[in-house]
Amino acid sequence: MTIALICLVALAALGIGMFSVRVVRSTGDFLVAARSVSPALNGASIAGEYLSLASFLGIAGLVLQSGVGVLWFPVGFTAGYLVLLVAVAAPLRRSGAYTVPDFVENRLGSPPARRLAGIAVLVIGWTYLVPQFQGAGRILAGLSGVPYPLAVLLAGSVVAATVALGGMRSATYVQAFQYAVKLLFLAVPALALIIALGPAGRSAAVHPERGTHFRQATTVEFHAPAVLQVRTPVTVAVDDRTATWAPGRHTVADGARVRFPRGAAVPEVRGAPELGGTVWRTPLLRLPGGGHPLFQTWSLLLATVLGTVGLPHILVRLHTSPNGTAARRAVVVTLALLGLFYLAPAVYGLLGRTAVPQLYLTGPADSVALVLPAAVLGPPWGAALSAVVAAGAYAAFLATSSGLLLVVAGGIGHDLLTGSLRDLRVTVVVGAAVGVLLALPARSLQISVVVGWAFGISAATLCPLLLLGIWWRRLTAAGAGAGLVVGGVSAVGAAVASALGAAPAGWPATLLLQPAAWSVPLAFATMVVVSLRGRPPAGAEDLMLAMHVPEPAETVRRGR
């Protein structure tokens, strides 16, 4: 049933792409849907594109693993649209550009600055595309037995075919359709689980100090070495050999199978908050590998809020609106739809803590939303709801990946090579192939961490470029280029160093794990200081005037 539903969602996306190919006749059609998308449709498609598979699975898993402080992720994701609404949406649409590099060249009159912006678009796009392919591969591999590399290749092929056929027009309809699919397929099972757990289960979910025991005898298979802290004596079976664990630390080897009896307390994993404990309940971010939770929280909020402002696959959507007013209305619609959707990941994470606590012990808990229905309801309804959730998560993958692949293709074929419509379709395939190749070795990385890297890079590169380019007339090409290089190198370097574990514990590890608090101000400061030493480009004031003067009333009425 799971594969049938996923295939149905994928075929629907392909069908929409084939329908849209009839009306794609130019670069404008392919990249910005001829600037004719209504605010309601655009808002639904932005929400469908933004609510990614990685975001949904990652947040649900992190809530289970790291505690309620992780809920700052969706707060930051949504709050970023307020900044986008107030400071970016209408002026960027009035600039007349197709893409962010187009805007940079129009604003600064510099082809080198355009190319740097194009490189930033590609880095952000591929970084964000990796966890989408990664999550889609895990779904297919886990639920159908397909090898992970083949599952990633199939996912990349479906998205590449959808985007290559219809471009932005295809992506718009696909993403609006899949927002409805995601909301239905993820929210309805969440409501069913809330009802099925009954009063005791619901009480345990909202009182984290409860529900920290195994509801039934549970076998946990460890995929990495772990150190467990046991607080009360417990008799377990380790690889079918009975052992009694005294209070204290116990090391579990990679590949070990430990069976806990019914009612046993869930041990604490060294390096992670105690499940349901005081630290787990504290509303501050505590990601594994870093300390200083207050700093982590503020840095995360800065990355998610400002990172949203610079996401290229969201920015290109603003250019599909008929005018600046329509772009702002589309963002308002998006805000409402995001607020409705982000209730679901919190529900899956909190319910998963009480129903499938074994995921807390085995490392990344990104699969909690997929396995929770079967654990709560059992066959046949549990399996049916798990299939529905998997299809909804796959719809999230298709929607976000379509937008990301479109901006990657535009970054190569339009911003860097200025190619034809045919070349754009070829670059879609190239972009998908690179995303697949990057996702293959990333299987073991935690999805939400890779998503965080994409937002951090966006916040330190395109966000300062846009905000200063729209609101500060003194910005120069040299300042913009220097800021892009400094912000990009610092954000990417922190992500790589963090992934390799290159920093010692304490503040160095925390600064690399959450670099936005220092990389974003550094990028802004670099752009300002270097720009003050030069002269703004000719024509900058004319373009800024065009960006900030509202459209005539008749134009606004036609764009509704």
Side-chain angles (χ1 to χ4, degrees), residues 60-71 193 196-291 293 346 348-368 371-372 374-376 378 446 505:
L62 276 179
V63 169
L64 169 60
Q65 187 178 39
S66 300
V68 298
V70 173
L71 294 177
L193 293 173
L197 279 173
R202 292 193 291 270
S203 178
V206 297
H207 294 90
E209 69 278 5
R210 308 175 192 171
T212 56
H213 295 69
F214 291 102
R215 300 167 68 236
Q216 57 190 8
T218 303
T219 299
V220 181
E221 183 174 354
F222 288 82
H223 303 292
V227 178
L228 307 181
Q229 178 73 41
V230 175
R231 300 195 177 277
T232 57
V234 59
T235 300
V236 299
V238 182
D239 295 329
D240 299 325
R241 294 191 302 271
T242 302
T244 299
W245 284 357
R249 291 180 177 176
H250 297 268
T251 301
V252 180
D254 180 12
R257 292 169 60 88
V258 182
R259 185 169 180 82
F260 293 89
R262 178 181 180 181
V266 180
E268 177 184 348
V269 178
R270 185 178 182 184
E274 179 187 0
L275 189 65
T278 303
V279 172
W280 194 95
R281 302 194 307 268
T282 303
L284 291 175
L285 186 69
R286 296 177 184 269
L287 294 180
Y348 283 103
L350 292 173
L351 296 183
R353 183 186 57 82
T354 64
V356 285
Q358 62 268 28
L359 294 179
Y360 164 77
L361 298 177
T362 57
D366 299 327
S367 62
V368 58
V371 304
L372 182 60
V376 172
Q446 192 157 298

Can you find a heavy atom in the side chain of [X] that is under 4.5 Å from one in the side chain of [Y]?
X	Y	answer
L361	V258	no
L275	P357	yes
F222	L228	yes
P293	L285	no
V376	L197	yes

Would you name the heavy atoms of [X] and [Y] that are closest together and state the gap between them?
X	Y	result
P225	D254	CD-CB, 3.8 Å
V68	R281	CG2-O, 3.3 Å
L372	A355	CD1-CB, 3.5 Å
A205	L351	CB-CD2, 3.7 Å
T219	R259	OG1-NH1, 2.7 Å
T354	A204	CG2-CB, 3.8 Å

For residues 260-270, dump all side-chain donor-acceptor pairs below 3.5 Å to protein atoms at least two apart in sequence or in another chain.
residue : atom : partner : partner atom : Å
R262    : NE   : R215    : O            : 3.4
E268    : OE1  : R231    : NH2          : 2.9

Legend entry - Flag for S66-R286: side-chain donor and acceptor within less than 3.5 Å: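 The criterion, which ignores hydrogens and geometry beyond distance, is not satisfied for S66 and R286.
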Report the C-alpha distance between H250 and V252 in whole Å, list the side-chain angles of each, state the deciding distance to 0.1 Å, and finish with yes or no for side chain to side chain contact (heavy atoms under 4.5 Å, CB included). CA-CA 7 Å; H250 297 268; V252 180; 5.6 Å; no
When the side chains of residues 238-245 are checked against the rest of the protein, which donor-acceptor pairs come out under 3.5 Å, sequence neighbours left out?
residue : atom : partner : partner atom : Å
D239    : OD1  : R257    : N            : 2.9

With a 3.5 Å distance limit and no angle check, can you tell me whether T282 reaches the backbone of W280 through a side-chain donor-acceptor pair?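 No; zero donor-acceptor contacts below 3.5 Å.
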